[in-house]
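Heads up: the structure comes next, in structure tokens.
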Amino acid sequence: EDKVVQSPLSLVVHEGDTVTLNCSYEVTNFRSLLWYKQEKKAPTFLFMLTSSGIEKKSGRLSSILDKKELFSILNITATQTGDSAVYLCAVSLMDKIIFGKGTRLHILP
Amino acid sequence: NAGVTQTPKFRVLKTGQSMTLLCAQDMNHEYMYWYRQDPGMGLRLIHYSVGEGTTAKGEVPDGYNVSRLKKQNFLLGLESAAPSQTSVYFCASSRAGVNHYEQYFGPGTRLTVT
């Protein structure tokens, strides 16, 4: 059965800290791995990863994929209270998309 | 440019009632999707469409039907609502397959079935 597992499920840190969110997967017909940020409503797209070892970066956020070990990490440096959200990892297969349960990140001022 | 819109935003149904959720996008996207999100479960794909007039089943299609008569609209129907269908429903669209193009999500519809 295809599955995507995110860890930790919940994380509380202080503003300015660096956090690493994990996403591991066991799927057939892998096509890409996606990261989304979900605040109060709709998820918003962060990254799409298809190749191993190539870091994608957007401001203080970065992500990398390891297709051999079947995982991805999302790093957030110098966290701010506005980074508080649920971060969703998803894996796109040939015919479907599987989401993890998400990591709820709370940044304390 | 409104992006992806969903109507209604909230709805309460009684068991056995029917309803249709409407999703509209103005980005000329080919692909559209319906998800449900339950606490602690993440997003689960219900049905999707790769173009006007086509639909396909996702991960949890039972109890739902969909139609894509116009490219910009994707309708999700519940013929006989059940309490297990209480959830937040998200619609999304993408230019083409998510392997190459990002998905844009609507604001969600919160449905409660009593």
Intermediate values then yes/no, ring pair (Phe, Tyr, Trp, His ring centres under 6.0 Å), F105(B) and Y36(A): CA-CA 11 Å; F105(B) 283 83; Y36(A) 291 86; 5.5 Å; yes
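No side-chain heavy atom of E102(B) sits less than 4.5 Å from a side-chain heavy atom of L34(A). Taking the side chain as every heavy atom from C-beta outward, Y33(B) and I97(A) approach each other to under 4.5 Å.
Atom CD of E52(B) has more than 12 heavy atoms from other residues, nucleotides or ligands within 6.0 Å. By the 6.0 Å contact criterion, CZ on R95(B) is open, its count of non-hydrogen atoms from other residues, nucleotides or ligands being 12 or less. Environment of CD in Q17(B): crowded, with over 12 heavy atoms of neighbouring residues, nucleotides or ligands closer than 6.0 Å. Counting non-hydrogen atoms of neighbouring residues, nucleotides and ligands closer than 6.0 angstrom, the NZ atom of K57(A) exceeds 12 such neighbours. Other residues, nucleotides and ligands place no more than 12 heavy atoms under 6.0 Å from the CZ atom of R110(B).
By the criterion of side-chain heavy atoms lying less than 4.5 angstrom apart, applied directly or through intervening Ile, Leu, Val, Met, Phe, Trp or Tyr residues, V27(A) is not grouped with L45(B); the two fall into different hydrophobic clusters. Under the 4.5 Å side-chain contact rule for hydrophobic residues, V88(B) and V66(B) do not share a cluster. In the hydrophobic clustering of this structure, L75(B) does not group with Y48(B); members are Ile, Leu, Val, Met, Phe, Trp, Tyr whose side-chain heavy atoms approach within less than 4.5 Å, directly or through other members.
Of the atoms belonging to L33(A), not a single heavy atom falls under 4.5 Å from chain B. Contacts between Q38(A) and chain B at a heavy-atom distance below 4.5 Å involve the side chain alone, from C-beta outward. Heavy atoms of Y104(B) lying under 4.5 Å from chain A are absent altogether. Residue S92(A) touches chain B through both its backbone and its side chain, counting heavy-atom pairs closer than 4.5 Å. Looking at E59(B), the atoms closer than 4.5 Å to chain A (heavy atoms on both sides) all sit in the side chain, from C-beta outward.
Between the CZ atom of F99(A) and the CZ atom of R44(B) there is a distance of 13.0 Å, given to the nearest 0.5 Å. Rounding to the nearest 0.5 Å places CD of Q37(B) at 12.5 Å from NZ of K101(A). Of the inter-residue distances, the one linking K96(A) atom NZ with K57(B) atom NZ reads 13.5 Å to the nearest 0.5 angstrom.
Between chain B and the options G102(A), G100(A), P43(A), heavy-atom pairs under 4.5 Å are most frequent for P43(A).
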